[in-house]
Amino acid sequence: MQIAIDGPSGAGKSSVAKAVAKELGIVYVDTGALYRTVGYFVRSRGIAREDRAGIVSCLPHINIEVRYENGAQHVYLNGEDLGDRIREPEISMYASAVSAVPAVREFLLDTQRRIAETNSVIMDGRDIGTVILPHADVKIFLTASIEARAMRRTKELAEKGIDARFEDVLREMRERDDNDRNRAVAPAVAAPDAIPMDNSEMTVEECTAAVIALAKRAAGGVLSV
Ligand code: DC
């Protein structure tokens, strides 16, 4: 079983995907964490976000390993688990910048496909239904109004102890949306066969139930994963 969930940041992809994975007993793959990890490394080298050649020059020095420990994904950068350090707002901006560089996408492609080959997965990102898993059993394009998304992200950051103002989160989200949607490679757009879902007015539970229903329907009523 392969479920692809794409959509802009703050649409609730990870909350929904985590809940679906738990319910169906499949693996949740957060692909944004991989771009964040590359972004983290680039920033730690003092390279500017706009410096594409600098970003590419980092790649030979990056080894990324993804492990699943007690159902949770851990991404190791050169042997170190970065935890929530990749969630900082500045790293979000770096992740968006590095994700527009074709060599970075190519670099992360195999890792993502390999996980999906060896596990039943629900994978979230921006190009899962279009590039990574074009034959996924279920494809969903999840979105919500930008205000709802910025509000959720501000709360999420506060829960992680990261202090961020709503106005700043909103502005950065707009910039990221533009970058991710308008880039030349693998832009964050819905696959033609993806089901659009706007969850501005839905709870995580409602959205999760809707995705599970779609997965069951795709599996012909009986879900074997
Ligand atoms: O989902 P996220 O906010 O953690 O993703 C961080 C950035 O990585 C986002 O701005 C776009 C990029 N990304 C991508 O280009 N393709 C993916 N499959 C996942 C994330």
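We count ligands from 1, going down the list as the structure has it; atoms in each ligand are counted the same way. Just so you know, residue 1 is the first one in the sequence shown, and it goes up from there. Every value quoted in this text rests on a predicted model; they were computed, and no experiment measured them.
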Expected output: side-chain Gln73 to main-chain Asp30 donor-acceptor under 3.5 Å: yes
Face-on cation placement of Arg36 at Tyr94 ring, 6.0 Å and 45° thresholds: no
Can you confirm, on distance only, whether ligand 1 has an N/O atom lying under 3.5 Å from any N/O atom belonging to [X]?
X: Thr31; value: yes
X: Ser9; value: no
X: Asp124; value: no
X: Lys13; value: no
X: Arg176; value: yes

NZ-CD1 distance between Lys139 and Ile195, expressed to the nearest 0.5 angstrom: 10.5 Å
Can you pull out the closest protein heavy atom to [atom]? Residue, atom name and distance to 0.1 Å, please.
atom: atom 4 (O) of ligand 1; result: Arg36 NE, 2.6 Å
atom: atom 8 (O) of ligand 1; result: Tyr35 CB, 3.5 Å
atom: atom 16 (N) of ligand 1; result: Arg105 NH2, 3.0 Å

From Gln112, Glu172, Arg126, Met173 - option closest to atom 13 (N) of ligand 1 by heavy atom: Arg126
Contact atoms of ligand 1, heavy-atom distance to Asp180 under 4.0 Å: 9 (C), 10 (O), 11 (C)
Ligand-residue contact atoms, ligand 1 with Ala95, heavy atoms, under 4.0 Å: 6 (C), 7 (C)
pair Arg114-Thr111: side-chain heavy atoms closer than 4.5 Å: yes
Leu133 with Tyr28, same ILVMFWY side-chain cluster at under 4.5 Å: no
Given Arg176, Arg126, Arg183, the one that forms side chain to side chain donor-acceptor pair (under 3.5 Å) with Ser99: Arg183
Qualifying side-chain hydrogen bond (donor to acceptor under 3.5 Å, both in side chains) pairs, either residue in residues 140-152, two or more places apart: Arg149-Asp177, Arg152-Asn199
Set of residues satisfying salt bridge (charged side-chain N to carboxylate O under 4.0 Å, His left out) with respect to Glu106, sequence neighbours excluded: none
